[in-house]
Amino acid sequence: MTYRNNLIQKCCYSISEAIYQADDLDTLYREIHFAVSEITNTNNFYISIANWESEMISFPYFIDKFDKQPKPRKFKKGLTEYVLKSGKSLLLSETSYDDFVQSNSITVQGKKCVNWLGVPLKLNNNKTIGMIGIQSYNNLNIFYDDDLKALELVSNQIATAIKRKKDDIMIHKQAHYDALTGLTNKALFYDRLDHAILQAQRLDEVLAVLFLDIDDFKTVNDTMGHAAGDKLLKIVGNIIKSNVRKSDTVARWGGDEFCFLLPSIKNNEGIFKLCDRILNKSFKGIMLNNKKIDINASIGISLFPIDGKKPEDLLDNADKAMYQSKQSGKNQYKMFSLL
């Protein structure tokens, strides 16, 4: 018993460490699986998360010998939902499995197993946020009451870890990303631009900063309403992101202004093609509230190091070039160095 208690303590410690070491939920889920494997054989292991408001269940972590990872779904009458709704652990052996399924009108999801164990994940306020499940398809790996009790002892630690990591991610998102579009905000953009400048200096590279402002955006708000205007800003953000490289950064600067950072520029021609594609192709025929519209925008471009060596200089000069584009007739792009 002492040996098993030590394993449980080690498991809890590993999960606590994972909260701080894991950068994202996927990593945390893997660490939880590794930690739980210390106390019971969990080759077929999954974590489910419940959304009680929408009555949806998701499976962000799912490792199974036979079944593929299920997609998020509405609550059904499955074993997972039974544990979630009852808030009680459930251990089924080969002999009790069929009887339980039949008597509770359970619809078995995936391949039938011979041994199944599900433990709810509860926070300190007793709210169930999800469940961990393990299952076996043969009699060589059987779960017993000791396994159930061990998982119950670490389940609160797991629930707390998931909740804290989700809160951390939410706080980080609120601090670094625009609430409306989900794009990078000014603070994170400045940080990435600062790092990009240091890298460009070290590698003797060129980087570009682009300012984009939607022309006559007020007309959209006035004629279609502010809700439509907000929807258009989201669409524009997604269009810009789909046109740039994964290594580039797109930010909503405020209002109807967007800023993007393009590191490791090989030649100006690539920037010109990007601007032309956005303005004359991607911004045409946009569906907004079941209506197809064309939008115009003005873009200003500044380059490191020719147009500035500090973030504020590059941003200021790209902004000036953008306003020059507007004054020259809109729906075009200008380079600061050519003004």
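In this chain, residues are counted from 1 in sequence order.
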To the closest 0.5 Å, what do you measure between [atom1] ([X]) and [atom2] ([Y])?
X      : Y      : atom1 : atom2 : answer
Thr249 : Leu262 : OG1   : CG    : 9.0 Å
Ile197 : Asp313 : CD1   : CG    : 8.5 Å
Ser298 : Gln332 : OG    : CD    : 7.0 Å
Gln174 : Asn185 : CD    : CG    : 11.0 Å
Phe217 : Asp222 : CZ    : CG    : 10.0 Å
Arg252 : Asp178 : CZ    : CG    : 4.5 Å

Residues forming a salt bridge (charged side-chain N to carboxylate O under 4.0 Å, His left out) with Asp307, sequence neighbours excluded: none
Establish whether [X] and [Y] are linked, either directly or via other cluster members, by ILVMFWY side-chain heavy-atom contacts under 4.5 Å.
X      : Y      : result
Phe211 : Tyr323 : yes
Leu210 : Leu193 : no
Ile39  : Ile142 : no
Phe272 : Val209 : no
Leu151 : Ile158 : yes

Considering residues, nucleotides and ligands other than [X], do more than 12 of their heavy atoms fall under 6.0 Å from its [atom1]?
X      : atom1 : result
Glu312 : CD    : yes
Met170 : CE    : no
Lys273 : NZ    : no

Donor-acceptor pair between [X] and [Y] side chains, under 3.5 angstrom:
X      : Y      : answer
Tyr13  : Glu17  : yes
Ser136 : Asn115 : no
Thr219 : Asp216 : no
Glu38  : Ser14  : no
Asp64  : Gln135 : yes

Charged N to carboxylate O below 4.0 Å: is that the case for [X] and [Y]?
X      : Y      : value
Lys234 : Asp230 : no
Lys281 : Asp276 : no
Glu55  : Lys76  : no

Phe143 and Trp116 aromatic centres sub-6.0 Å: no
Within the distance-only criterion (no hydrogens, no angle test), does the side chain of [X] pair as donor or acceptor with the backbone N or O of [Y] below 3.5 angstrom?
X      : Y      : value
Lys74  : Ser54  : yes
Asp215 : Ala297 : yes
Arg192 : Leu261 : no

Salt bridge (Lys or Arg N to Asp or Glu O under 4.0 Å) evaluation trace for Lys149 with Asp146: CA-CA 5 Å; Lys149 292 175 181 177; Asp146 284 348; 5.1 Å; no
Intermediate values then yes/no, side-chain contact (heavy atoms from CB on, under 4.5 Å), Leu315 and Lys310: CA-CA 9 Å; Leu315 289 162; Lys310 297 180 180 179; over 6 Å; no
Lys77/Tyr82 under side-chain contact (heavy atoms from CB on, under 4.5 Å): CA gap, chis, key distance, verdict: CA-CA 7 Å; Lys77 289 209 68 176; Tyr82 181 92; over 6 Å; no
Passing candidate, side-chain contact (heavy atoms from CB on, under 4.5 Å) with Tyr46, options Thr80, Ile132, Ile134: Thr80
Side-chain contact, heavy-atom cut-off 4.5 Å: [X] with [Y]?
X      : Y      : value
Ile32  : Ile162 : yes
Leu303 : Ile271 : yes
Tyr61  : Gln69  : no

For residues 117-131, dump all side-chain donor-acceptor pairs below 3.5 Å to protein atoms at least two apart in sequence or in another chain.
{"unit_1": "Lys122", "atom_1": "NZ", "unit_2": "Gly87", "atom_2": "O", "d": "2.8"}
{"unit_1": "Asn124", "atom_1": "OD1", "unit_2": "Asn156", "atom_2": "ND2", "d": "3.2"}
{"unit_1": "Asn125", "atom_1": "OD1", "unit_2": "Lys127", "atom_2": "N", "d": "2.9"}

Asp316 vs Lys320, salt bridge (Lys or Arg N to Asp or Glu O under 4.0 Å): CA-CA, chis, key distance, verdict: CA-CA 6 Å; Asp316 184 54; Lys320 289 176 180 176; 3.3 Å; yes
Sequence neighbours left out, cut at 3.5 Å: what donor-acceptor pairs do the side chains of residues 90-101 make with other protein atoms?
{"unit_1": "Ser93", "atom_1": "OG", "unit_2": "Thr95", "atom_2": "N", "d": "3.4"}
{"unit_1": "Ser93", "atom_1": "OG", "unit_2": "Thr95", "atom_2": "OG1", "d": "3.1"}
{"unit_1": "Ser93", "atom_1": "OG", "unit_2": "Ser96", "atom_2": "N", "d": "3.3"}
{"unit_1": "Ser93", "atom_1": "OG", "unit_2": "Ser96", "atom_2": "OG", "d": "3.2"}
{"unit_1": "Ser96", "atom_1": "OG", "unit_2": "Ser93", "atom_2": "N", "d": "2.8"}
{"unit_1": "Asp98", "atom_1": "OD1", "unit_2": "Lys112", "atom_2": "NZ", "d": "2.9"}
{"unit_1": "Asp98", "atom_1": "OD2", "unit_2": "Lys112", "atom_2": "NZ", "d": "3.1"}

Lys163/Asp167 under salt bridge (Lys or Arg N to Asp or Glu O under 4.0 Å): CA gap, chis, key distance, verdict: CA-CA 6 Å; Lys163 176 68 164 53; Asp167 289 345; 2.8 Å; yes
Steps toward side-chain contact (heavy atoms from CB on, under 4.5 Å) verdict (Asn243, Arg277): CA-CA 8 Å; Asn243 275 280; Arg277 185 169 65 247; 2.8 Å; yes
Residue pair Leu183, Tyr177: steps toward the side-chain contact (heavy atoms from CB on, under 4.5 Å) verdict: CA-CA 5 Å; Leu183 297 174; Tyr177 293 89; over 6 Å; no
Audit row: Trp253, Phe258, ring-ring contact (aromatic ring centres under 6.0 Å, His included) steps and yes/no: CA-CA 5 Å; Trp253 208 247; Phe258 297 83; over 10 Å; no
